[in-house]
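For reference, the structure discussed in these notes is given below.
We name chains A, B, ... by the order of the sequence lines, and we start the count at 1 in each one.
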Amino acid sequence: DQQVKQNSPSLSVQEGRISILNCDYTNSMFDYFLWYKKYPAEGPTFLISISSIKDKNEDGRFTVFLNKSAKHLSLHIVPSQPGDSAVYFCAASGTGGFKTIFGAGTRLFVKA
Amino acid sequence: DSGVTQTPKHLITATGQRVTLRCSPRSGDLSVYWYQQSLDQGLQFLIHYYNGEERAKGNILERFSAQQFPDLHSELNLSSLELGDSALYFCASSVEGGINEKLFFGSGTQLSVL
């Protein structure tokens, strides 16, 4: 039962353009969402998060949007840089469980 | 450097064997989580310990067990290993283990079962 889904295994974007990574969830008990970034041979590192009481959170070039009614969130990276090339994981947590559930990840390629 | 240390980095073993993966959390963190990442799979949650006590369990097989010691380091024990257990195992830590905390991950242990 995949509660957090990232349906695009990979995404290729030109440097300077916008990257949009999508994530869907099924469990309405989730109320906190996070994005992690992973480089090869390293563990995931936290990137940005959003609480369910908000619909947008911004941190520099990274913005996360949350649409609760659609159970959908997205990560926007503007402008994209070659150093952003990595695997991005969407994750969710919520009341009733002390666990963070991750999606399968989307591999982002930013071409110079 | 996340401050989370996992050993060993690589482990090669045979089917039927037992191995132990070790994790030292960041200084001050009370919660430790274990995740499994198989090929083309996301991070599958296995188990969460807080200050020595099990707090949440995911899809962890009965052949797998974990514990968190008084010094807060954690060990994940995998027994009767099968080929399908080959994966990257990550440990993560957080301060309290609350639902809105970010996790700090180690660099993982790559387990190969031959």
Looking at Arg26(B), I'd like to know if its CZ atom is crowded, meaning that more than 12 non-hydrogen atoms belonging to other residues, nucleotides or ligands lie closer than 6.0 Å. yes
Please tell me whether Phe105(B) and Val32(B) are part of a single hydrophobic cluster in this structure, the criterion being side-chain heavy atoms less than 4.5 Å apart. no
Honestly curious: do Leu11(A) and Val64(A) fall in one hydrophobic cluster under the side-chain, below-4.5 Å linking rule? yes
Interatomic distance, Lys102(B) atom NZ to Ile48(A) atom CD1 [nearest 0.5 angstrom]: 11.0 Å
Same apolar cluster: Val4(B) and Leu72(B), side chain cutoff 4.5 Å: no
Going hydrophobic residue to hydrophobic residue with side-chain gaps under 4.5 angstrom, can you get from Phe64(B) over to Leu43(B)? no
Nearest atoms (heavy-atom pairs only) where Gly43(A) meets Phe90(B): CA-CE2, 3.6 Å
Report the distance from atom CZ of Phe46(A) to atom CZ of Phe104(B), rounding to the nearest 0.5 Å. 8.5 Å
Taking CG in Asn67(A) as the centre, count heavy atoms belonging to other residues, nucleotides or ligands within less than 6.0 Å. Is the count above 12? yes
If I compare all heavy atoms of Tyr35(B) with all of Thr100(A), which pair ends up nearest, and what's the gap? OH-O, 2.6 Å
How long is the straight-line distance from CG of Leu88(B) back to NZ of Lys38(A), given to the nearest 0.5 Å? 6.0 Å
Select one option (side chain, backbone, both, neither) describing which atoms of Leu103(B) are under 4.5 Å from chain A's heavy atoms. both
Scanning both residues in full, the closest heavy-atom pair of Lys57(B) with Lys99(A) reads O-NZ, 3.6 Å
I would like to know whether Glu101(B) and Tyr32(A) meet side chain to side chain contact (heavy atoms under 4.5 Å, CB included); could you show each step before the answer? CA-CA 9 Å; Glu101(B) 285 190 347; Tyr32(A) 195 70; over 6 Å; no
State whether the number of non-hydrogen atoms from other residues, nucleotides or ligands found under 6.0 Å of Arg61(A) atom CZ is greater than 12. yes
Does any heavy atom of chain B fall under 4.5 Å from the side chain of Ala41(A), the backbone, both, or neither of them? backbone
Turns out that what part of Tyr36(A) lies under 4.5 Å from chain B's heavy atoms comes down to side chain
Cluster link Leu61(B) to Leu111(B), ILVMFWY, side chain under 4.5 Å: yes
I need the contact set between residues 10-21 of chain B and chain A: heavy-atom distance under 4.5 Å, sorted by residue number. none
